[in-house]
Amino acid sequence: MSDPVLPVSGFSPSVPQAVAWTMDVLDAVAVMHAAGTVHGQLQPAALQIDSSGHAHLMPPGAEQDPRYGAPEQGSGAPALQSSDIFSAGLLLAEWLLGHPLVDEVDPQRAQHRLMHEQLLLPDAALPGLDDQLRAIVNRALAHDPRQRFVSARVFQSALEQWTQADASLRTFGASGSSNPSSDTLEFLLRRMRHKSDFPAMSDAVVRIQTLAASETESVSSITNEILKDVALTNKLLRLVNSAHYGRSGGISTVSRAVTLVGFNGIRNMALSLVLLEHMQDKAHATQLKEEFLRSLLAGSIGGELCPVLRESEEAFIGAMFQNLGRLLVLFYFPEEAVRVRGLMQNPRQPMSEVSAAISVLGLSYEALGLGIARAWGLPEDIQRCMRKPAGEPPQWAPADGAERVRWVALASNDIADVLLHSDLQERETRLATVTRKYMAAMGVSARDVQAATNKARQKLVDLAAAMEIRVAPGSAAAELLKPVEPPMDMPPPGAPAGESHFASLALQATPHEETEARVVHARQVAETLAAGIQDITNAMVEDFRLSDVLRMILETMYRAMAFDRIIFCMRDAKTDMMQGRFGLGRDVERCVRVFKTHLKATTPDLFGVVSNKGADTMISDASEPRIMSRLPEWYQQHINAPTFLLLPVQIKGAPFGLIYADKAARGALALDDKELALLRTLRNQAVMAVKQSG
């Protein structure tokens, strides 16, 4: 490297050169900090430029110019590593501005400003500077040392990332969406994981997304995954029966819901519901629910503006999650969210949300949301839709459909903001302004936007009811949810029989009314079975796949009777064996694999006897010697349930299939005549489905 030859004051750098010099300075500072020393006197006089254009930091020596000292140094405290970071930020600000940020001739006035003022890079002086770099500088200049970069290396890494961004990422960078420092993102994710309730990293969502993205997974796999979470199952069924998904009620099985709505639709519902899971119990629940409803409304508007199903699903989740990061920060880091709003509302020098978020968190809200999206495994097209497009909207719809959907998502969020935050008197005017701004880029008319917005608002009321969202009367969110939700003791519109209605019935029972409780429970079971029978009947009227109907039958039994697991077995004509094919419940995949019984064995086991005779059989205590002697070894080793039910499926008197269901507690399986009749009806529907399928 060439020897230093010129003082830094002899140059007027470009923006990239200013960033490069700062990275050189930070590299030297990081080496000093690693050795346990602090420079404490970073200022132009301590720098020189070599013949190749690199900046060099001279050892401490000259007295510190007050215009370059950190706030804590002004009170006489010794310089710390964070003080060097602040001073480096001042140097970068000066090179970008062309003059010192604290441009005071009087040293005392300069020191007073540094000690008592939160310095920010002025927007007006540098209108062309992108928000990402502006936010990096402002974070280094944080008055509170704890809000600055945690080390010189992290500061240097942020600048290096800005430098290495390619043209497309730089475009996104104007909205703060270029990739954030992985260290900063991981630090925030670790903080979030330490919370006791972490829906943003829900294992269920990750598994559901993985299954939805797979080309080999079946409806059975994703259904079984959803059924593991009872609360998610119930909410999802209410949601799929809501007006948003165009259903008029009557969908009472997850299997049917997955078949009708599709893997992606189910994934989108699950993402929405898991985010909502804990919000209503938070101390700041009002703000959380308002932001969630705003996001949900934006997603609904986006979906309505895209008539093609694939684009509609993409627009729904992309629009809903364009502000996912803001929602997560409000959920997990409410104090930081308050600081971000404070910087945005600063009367002297308000910051953009992007700059404020990076100053407080180290990355933009958008970048945090994208980090979660990657953790969920969301596909690239949805992640792209979550990135807000930069610049002014084009005056025609982009030929690239994915790019058009991004503009739809951005417009949907702006419309939702107007609906939530504007007064009634100015709402129409502001909506008209937003519509004019985006309608060409979306390729729709003003009438289309108005119709989509009105339809989305109507659906939002139904979605909120299905999700059981309650808001404070008179709040901004309440305005979005007019007309008022039904009373809590009434089922939401379109709720499937056997769900929310059951909950209200169950509340009528008390510990001292055991007889009434049993009656209520029996009614719940019967209604769930009856609803499933109707659901399956409706499915069989249409073109149907046999596997889908059989899966719906199993799910109805599983949920109504609260079985531990349930398996559908089918006869293999070549081997004359009854073999497990699919099922639901605990460890069911392993149990399906081992379930094999010979139908023409010399001494058939219990399953073979029941299948051949077509005799419905309930075993209350499988440990009885008489029963155990008829149970095959593979069953006793790998399943060995204490109580189980067998419903054979025969076609023209010959064994075709067998429904096996068990419970984990001895004697837990009890059926009255009505329940048994309904279970037999479901079994008979399996026979009808087999016959109709040919």
Using atom types as modelled and distance alone, determine if a side-chain donor or acceptor of [X] lies under 3.5 Å from a backbone N or O of [Y].
| X | Y | result |
| --- | --- | --- |
| T22 | A18 | yes |
| H39 | A28 | no |
| S87 | D84 | no |
| R67 | A110 | no |
| N138 | L121 | yes |
| T433 | T429 | yes |
| S300 | L296 | yes |
| D423 | Q425 | no |
| E403 | P398 | no |
| Q156 | L26 | no |

May I ask you to decide whether [X] forms a salt bridge with [Y], counting only side-chain N to carboxylate O separations under 4.0 Å?
| X | Y | value |
| --- | --- | --- |
| E314 | R404 | no |
| E353 | R341 | no |
| D414 | K388 | no |

Sub-4.5 Å side-chain heavy-atom contact between P44 and E94 =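 Yes, close enough: below the 4.5 Å cut-off.
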Test item: Q383 and F321 side chains (from C-beta on) under 4.5 Å apart, heavy atoms =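 SC-SC contact between Q383 and F321 ruled out.
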Just wondering, are more than 12 heavy atoms of other shown residues or ligands nearer than 6.0 Å to [atom1] in [X]?
| X | atom1 | answer |
| --- | --- | --- |
| H112 | NE2 | no |
| R427 | CZ | yes |
| Q108 | CD | no |

Considering all heavy atoms of both residues, which atom of [X] and which atom of [Y] are nearest to each other, and what is their separation?
| X | Y | answer |
| --- | --- | --- |
| I136 | F149 | O-CE1, 3.4 Å |
| L141 | L119 | CB-O, 3.9 Å |
| A152 | V29 | CB-CG1, 4.0 Å |
| P100 | Y68 | CG-OH, 3.8 Å |
| G303 | A315 | N-CB, 4.3 Å |
| A88 | F155 | CB-CE2, 4.1 Å |

Mind checking the [atom1]-[atom2] spacing from [X] to [Y]? Nearest 0.5 Å is all I need.
| X | Y | atom1 | atom2 | result |
| --- | --- | --- | --- | --- |
| I49 | D24 | CD1 | CG | 7.5 Å |
| M58 | L47 | CE | CG | 7.5 Å |
| Q322 | N413 | CD | CG | 5.0 Å |
| E290 | H421 | CD | NE2 | 7.0 Å |
| R384 | L370 | CZ | CG | 13.0 Å |
| L324 | L368 | CG | CG | 7.0 Å |

key: Stepwise salt bridge (charged side-chain N to carboxylate O under 4.0 Å, His left out) test for E479 and R294   = CA-CA 12 Å; E479 289 296 317; R294 190 210 61 76; over 6 Å; no
query = Is the W407 ring parallel, tilted or perpendicular to the Y438 ring (thresholds 30°, 60°)?
reply =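 Ring orientation, 0 to 90° scale: tilted.
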